[in-house]
Trainee: 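Quick one: the structure is below, questions incoming.
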Amino acid sequence: MIPVRGFEGKTVAVFGLGRTGLTAARALIAGGAKVALWDEKPASREAAAAEGLNVVDLTTADWSRFAALMLSPGVPLTHPKPHWTVTKAKAAGVEVLGDIELFARTVNAAPEHKKPKIVAITGTNGKSTTTALIGHLCRQAGRDTRVGGNIGEGVLGLEDMHGGAVYVLELSSYQLDLTSSLKPDAVVLLNISPDHLDRHGGMDGYIAAKRRIFLNQGKGDTAIIGVDDPWCQQICTEITAANRRTIWPISAGKAMGRGVYALQGVLYDATGERVTEMADLLRARSLPGRHNWQNAAAAYAAARALGIPPHQAVDGLMTFPGLAHRMETVGRIGKVAFVNDSKATNADAARQAMSSYPRFYWIAGGVPKAGGIDDLTDLFPRVAGAYLIGQAAEDFGRTLEGKAPMRQCGDIETAVTAAFTDAAASGEEAIVLLSPACASFDQFADFEQRGEAFRAAVMGLGKAPAASAAKRA
């Protein structure tokens, strides 16, 4: 745990008692602060009270006695409208911040010899894989590495800092909205596409939240920016004009005179005086597809920014085991492989998986994002069959009508069975791909639970008579 500094003897209100809120409360207490915790779910309040934490009804509390409001990132800050806790905090002149800001202030207050290195990663898609990959590269190079933030453990629950440590942090737009003091040694902005627009008041607000990751960088720091989409390309141009830090563009689609890029699966380093071919990413089995080549370019660049030698960074790329729920092969029955890409919670993320296979049996649906799957029309010829689930099923069906075979399945189990039956009947090597292009909250607590339901359904197939027949075929 990282004890939070700066609030000794003061009381901090904490709203939202999930992983982030509880971890922040414990870290605040460890640093000498008092806390007043609240959540709208009675079960969450009861669990916090059972742990001995101070639960206070913030709806009736005297807000003038709070030094700050620690807001969990899932709680609306500005849009669609500010949460009532935010309104109360602002009316009382109470600062609103998140756990990443608490971490940043604690780092900034530490003596120089205790300050760790920080790598911060954001983007619409690929940030979890890239964060885990950078962590892997650092560990393989012998660095004392802690990985957290929006992935794995909350940042304040990570092991306490020292001067030789490296913190590799995935940051969502929600977390960045609540952060103002973080000064990463290296920043990675992978890509931007429309997402979470309701929470940011539109595309401009979403981009502004992502840009906050660069707020405090200066001379000696490194900015690693994907330039394969127009929004990030514009940010890269604007930041380059400011000329305050080292800037390395990354790409998985074009050669560049500066930065790191991948072409047809070959990784090139153009951070020095000449372009050097570094690795054949087709040999990196856990990094298939162009989108993962961008992730690899970003991770390699981040490792280089931390002073890790090129050959060690490349070795790390080749030994990366991959992440669950990100193009994860969870099973094979006969000629049919099952790929769990449950993390694909929007159309752009689904595009990355769909582009990796020439033909596949597609399980999609859930809570749709703006635009649905309209932007995926060019990939529909690759869809051997679509098996639709959740709230989006009927709308997706209308979009797919006449463009790809489809079936309304309702739930994961039905979809897996139907997709496997059709894939096995083809007699060919086949892929059943869960890449929902939707949030999971209509049927599941999160994308992880959805991915586990897919895995369980596949495991169930392996025990069924139909699966035995497929194996014999």
Trainee: Test: ring pair (Phe, Tyr, Trp, His ring centres under 6.0 Å). Region: residues 198-233. Which pairs qualify, not counting sequence neighbours?
Mentor: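 Sorted pair list: Y174-H200, H200-Y206.
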Trainee: Could you list the residues that satisfy salt bridge (charged side-chain N to carboxylate O under 4.0 Å, His left out) with E40, not counting sequence neighbours?
Mentor: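 Counting only residues at least two positions away or on another chain, E40 forms no salt bridge (charged side-chain N to carboxylate O under 4.0 Å, His left out).
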Trainee: Who pairs with K90 by salt bridge (charged side-chain N to carboxylate O under 4.0 Å, His left out), at least two apart in sequence or on another chain?
Mentor: none
Trainee: Holding to salt bridge (charged side-chain N to carboxylate O under 4.0 Å, His left out), I want the full list of residues that pass it with D228, two or more places apart in sequence or in another chain.
Mentor: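 If we apply the salt bridge (charged side-chain N to carboxylate O under 4.0 Å, His left out) test to D228, skipping adjacent residues, there are no hits.
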Trainee: Nearest 0.5 Å please: distance from the OG atom of S435 over to the CG atom of L433.
Mentor: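 S435 OG to L433 CG: 5.0 Å, rounded to 0.5 Å.
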Trainee: Mind jotting down which residue pairs meet the salt bridge (Lys or Arg N to Asp or Glu O under 4.0 Å) criterion with at least one end in residues 448-462? Sequence neighbours excluded, please.
Mentor: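 Found E328-R455, E452-R455.
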Trainee: Could you tell me which non-hydrogen atom of I192 sits nearest to which non-hydrogen atom of K210, and how far apart they are?
Mentor: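 Nearest heavy atoms, I192 then K210: CD1-CB, 4.1 Å.
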Trainee: With sequence neighbours excluded, give me every ring pair (Phe, Tyr, Trp, His ring centres under 6.0 Å) pair touching residues 129-148.
Mentor: H136-F320
Trainee: Listed by chain and number, what are the side-chain hydrogen bond (donor to acceptor under 3.5 Å, both in side chains) partners of D39, not counting sequence neighbours?
Mentor: none
Trainee: Can you give me the closest heavy-atom contact between F447 and S440, atom names plus distance?
Mentor: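 Taking every non-hydrogen atom into account, N-OG, 3.3 Å.
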Trainee: For D374, is the CG atom crowded, meaning more than 12 foreign heavy atoms sit under 6.0 Å from it?
Mentor: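 Yes - once you tally the heavy atoms of other residues, nucleotides and ligands closer than 6.0 Å, there are more than 12.
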Trainee: Can you list every pair that meets side chain to side chain donor-acceptor pair (under 3.5 Å) and has a residue in residues 43-55, with sequence neighbours left out?
Mentor: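 Applying side chain to side chain donor-acceptor pair (under 3.5 Å) to every pair that reaches into residues 43-55, excluding sequence neighbours, yields R26-E51.
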Trainee: If we check side chain to side chain donor-acceptor pair (under 3.5 Å) with K369, which of these qualifies: D198, D195, N346?
Mentor: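 Among D198, D195, N346, the one that satisfies the side chain to side chain donor-acceptor pair (under 3.5 Å) with K369 is D195.
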Trainee: Taking only Lys NZ, Arg NE, NH1 and NH2, and the carboxylate oxygens of Asp or Glu, determine whether D375 and R351 approach each other closer than 4.0 Å.
Mentor: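 Between R351 and D375 there is no salt bridge, as every charged N stays at least 4.0 Å from the carboxylate O atoms.
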Trainee: Enumerate, atom names and distances included, each donor-acceptor pair closer than 3.5 Å involving a side-chain atom of residues 66-82, sequence neighbours excluded.
Mentor:
from	atom 1	to	atom 2	distance (Å)
S72	OG	F15	O	3.2
S72	OG	G16	O	2.9

Trainee: Check each of T179, V107, L156, V155 against L102 using the side chain to side chain contact (heavy atoms under 4.5 Å, CB included) test, and report the only one that passes.
Mentor: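 Answer after filtering T179, V107, L156, V155: L156.
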Trainee: Is a side-chain N or O of T345 found less than 3.5 angstrom from the main chain of A439, in a donor-acceptor match?
Mentor: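 Not confirmed, T345 side chain does not pair with A439 backbone.
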Trainee: If you count the non-hydrogen atoms of other residues, nucleotides and ligands that lie under 6.0 Å from NZ in K115, is the total more than 12?
Mentor: yes
Trainee: Not counting sequence neighbours, list each pair that qualifies as a salt bridge (Lys or Arg N to Asp or Glu O under 4.0 Å) and has a residue in residues 142-169.
Mentor: D144-R146, R146-E159
Trainee: Is the number of heavy atoms from other residues, nucleotides or ligands under 6.0 Å of K183 NZ greater than 12?
Mentor: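 Enclosed.
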Trainee: Would you please name every residue forming a salt bridge (charged side-chain N to carboxylate O under 4.0 Å, His left out) with E95, sequence neighbours left out?
Mentor: R105
Trainee: Taking ring pair (Phe, Tyr, Trp, His ring centres under 6.0 Å) as the cut-off, I'd like each qualifying pair that reaches into residues 112-132, sequence neighbours left out, listed once.
Mentor: none
Trainee: Does a sphere of radius 6.0 Å around CZ in R65 hold more than 12 heavy atoms from other residues, nucleotides or ligands, not counting ones at 6.0 Å or beyond?
Mentor: yes
